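A quick write-up on the structure given underneath.
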Amino acid sequence: MKMFLNSIIADPERVSRLIDIAQSSLQPLLKGAILYTIPLTLITFVCGLILAVLTALARISSVKPLQIIARIYVSAIRGTPLLVQLFIIFYGLPTIGVVIDPFPSAVIGFSLNVGAYASEIIRAAILSIPKGQWEAGYSIGMSYPQTLKRIILPQASRVSLPPLSNTFISLVKDTSLAAMILVTEMFRRAQEIAATNYEFLLLYLEVALIYWVICFILSIVQGRLEKRMDRFVS
Amino acid sequence: MISIKGLYKRFDQLEVLKGIDLEVEKGKVVVVIGPSGSGKTTLLRCLNILETPTSGSIEIEDQTLDFSSSVSKKAIPPFRRLTGMVFQSYNLFPHMTALENVMEGPITVKKESKEAVRKKAEQLLSKVGLGDKLDYYPFQLSGGQQQRVGIARALAMEPKVMLFDEPTSALDPELVGEVLKVMKDLANEGMTMIVVTHEMRFAREAADEVIFMDGGFIVERGKPEDMFTSPKEERTKQFLRLIQ
């Protein structure tokens, strides 16, 4: 680090070169974020959440086979590395004739992942709602799906907002793994640019900073949402 | 109006109701008393099918559920709508205002129009003395006010029978009166009511009949003045001595 800094200070030409590279790389990096990192995150999170709610409902249902399927799914996803899962989908499946493009492969891999982790959050949140709320819903003639949708999930979503935000923020960063299966998202672009000019430290710092800014904005949004949802509790 | 025949309820090894037979006429107010564990709350919850009886049958207004054979899941929600339930711990929906709590059933279950339901809900909340608290969330209301919203919420579904499960047991003493008053008004309007309570004054003033339960049986039943002054059964005497 000291050598790096010294070499920079001693060499004004290097400084202006670094500034040039930082500036010119910003646009392709942001393009990678806007075209791939952010859409990948959003699509995946929505698909993952739907999967998570279904999995959570399966786990708390009284139907044994559903419970078992949900348990195996969560266990398998949580028990294997995300990168290995992505490789299985993108590099593994073609050997049995299933060829999926990079972006959809990433969507499938990350959705399965979010689904498994978030299902535990949602399951815990649903179980945290007092039994009396179900009974109150039933007592005014509501069915199971009506009670779930109108009474239980709105309350459970408040409980699960902080841990789900955690999952979401992790997901933003995890999408950098999609670089490994050829999705030209932000981190892959940083790698490609660095490979042409050898300024690895600069580009990886730059890309780290952009991730940080995105996550920082998200945590502000999370704070606002929490405040909004807390309006009905003292 | 209500006819319960041979009702049994068993939780695993524990038999809580051991053959309950009970008839309640339209417009009557029945107060159920008894020691804890006597099965009185379970009886009430069976009427609303929050507990599924092990066997026996319940008839309310020409509709009958017979639990001796298996009951289809589809039959339960319409049967529940015959009765309105008021809970000991209110169980209001915390994410909805008082008005929204009352409107929820008619809108979601009966699919009535929003404007009509709003009007009805406002009237019901005024009736229970909360016309000025429409937009309050449950946490902003006292226990007595929450319980009155609970009563209005149950009434909004226009039930044939109102069931009260120890509606004042969770309340501070000074808040009991406002809830009992609403219940008495309801009784005077001719609502059929089954009330599990420890409020003996309410039983004396509003009940047409008092039922004493113990150990899963109905031990004794009679008019309140007879029950309180000259109970026949030894267990009833003991219980009344303990609470008075």
Side-chain angles (χ1 to χ4, degrees), chain A residues 49 53 56-58 60-67 121-122 124-165 222-234, chain B residues 41 44-45 47-52 73-98 100-111 135-141 146 149-150 152-159 162-165 170:
Chain A
L49 266 191
V53 171
L57 291 178
I60 58 175
S61 85
S62 50
V63 185
K64 259 267 140 70
L66 281 181
Q67 280 180 29
I121 293 169
I122 289 167
I126 290 175
L127 294 179
S128 77
I129 306 303
K131 205 170 141 243
Q133 289 293 310
W134 287 97
E135 293 184 345
Y138 293 154
S139 80
I140 53 171
M142 292 169 105
S143 60
Y144 174 86
Q146 284 172 335
T147 309
L148 185 73
K149 183 174 152 228
R150 302 280 308 165
I151 311 301
I152 304 302
L153 287 182
Q155 296 181 62
S157 64
R158 191 187 74 86
V159 179
S160 57
L161 183 65
L164 280 182
S165 303
Q222 178 195 350
R224 294 231 172 131
L225 271 178
E226 274 179 37
K227 229 179 189 169
R228 219 180 98 85
M229 286 192 151
D230 275 349
R231 73 190 184 282
F232 58 78
V233 288
S234 48
Chain B
T41 289
L44 210 62
R45 289 167 60 85
L47 285 172
N48 200 238
I49 330 289
L50 288 175
E51 305 293 352
T52 310
K73 271 192 173 164
K74 286 228 169 80
I76 291 175
F79 194 80
R80 272 197 185 117
R81 278 163 55 181
L82 298 169
T83 54
M85 185 84 173
V86 176
F87 298 90
Q88 181 176 356
S89 49
Y90 335 129
N91 294 353
L92 293 186
F93 306 131
H95 56 304
M96 298 181 187
T97 63
E100 288 167 344
N101 263 277
V102 179
M103 290 170 68
E104 182 60 30
I107 287 179
T108 305
V109 180
K110 288 189 173 175
K111 317 279 184 208
D135 297 322
Y136 282 53
Y137 283 98
F139 81 90
Q140 297 167 310
L141 300 171
Q146 289 193 48
V149 175
R153 178 177 69 182
L155 287 173
M157 291 303 287
E158 292 162 351
M162 283 288 282
L163 309 172
F164 295 84
D165 182 14

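In the text below, chain A, chain B and the rest are named by the order of the sequence lines, each starting its count at 1. The basis for the numbers below is simple: all heavy atoms, side chains too, and nothing from hydrogens, waters or symmetry mates. Given the structure is predicted, the values throughout are model-derived calculations rather than measurements.
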Within a reach of under 6.0 Å around NZ of A:Lys149, are more than 12 heavy atoms found that belong to other residues, nucleotides or ligands?
-> no

At a heavy-atom separation under 4.5 Å, does [X] approach chain A through its side chain, its backbone, both, or neither?
{"X": "B:Phe87", "result": "side chain"}
{"X": "B:Arg45", "result": "side chain"}
{"X": "B:Thr97", "result": "neither"}

At what distance, to the nearest 0.5 angstrom, does CD of A:Gln222 lie from NZ of A:Lys227?
->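 Spacing of CD (A:Gln222) from NZ (A:Lys227) equals 13.5 Å.
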
Rounded distance (nearest 0.5 Å) linking atom CG of A:Leu225 with atom CG of A:Asp230 =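 Taking CG in A:Leu225 and CG in A:Asp230, the distance rounds to 10.5 Å.
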
Which members of residues 125-133 of chain A, sorted by number, sit under 4.5 angstrom from chain B on a heavy-atom basis?
->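 A:Lys131, A:Gly132, A:Gln133 fall under the 4.5 Å cut-off.
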
Only one of B:Glu104, B:Lys111, B:Lys110 passes side chain to side chain donor-acceptor pair (under 3.5 Å) with B:Thr108; say which it is.
->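 Answer to the side chain to side chain donor-acceptor pair (under 3.5 Å) test with B:Thr108 among B:Glu104, B:Lys111, B:Lys110: B:Glu104.
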
Can you find a pair of side-chain heavy atoms, one from A:Leu148 and one from A:Leu57, that are under 4.5 Å apart?
->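 Side chain of A:Leu148 against side chain of A:Leu57, heavy atoms only: contact under 4.5 Å found.
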
Can you list the residues that meet the ring pair (Phe, Tyr, Trp, His ring centres under 6.0 Å) rule with A:Tyr144, with sequence neighbours excluded?
-> A:Trp134

Could you tell me whether B:Arg153 sits above the aromatic face of B:Phe93, with NZ or CZ closer than 6.0 angstrom to the six-membered ring centre and within 45 degrees of the axis?
-> yes

Looking at B:Pro159 and B:Gly84, what are the two nearest heavy atoms and their distance?
-> CB-N, 3.4 Å

Most chain A-contacting option - heavy-atom pairs closer than 4.5 Å, from B:Leu92, B:Thr83, B:Leu163 | B:Leu92

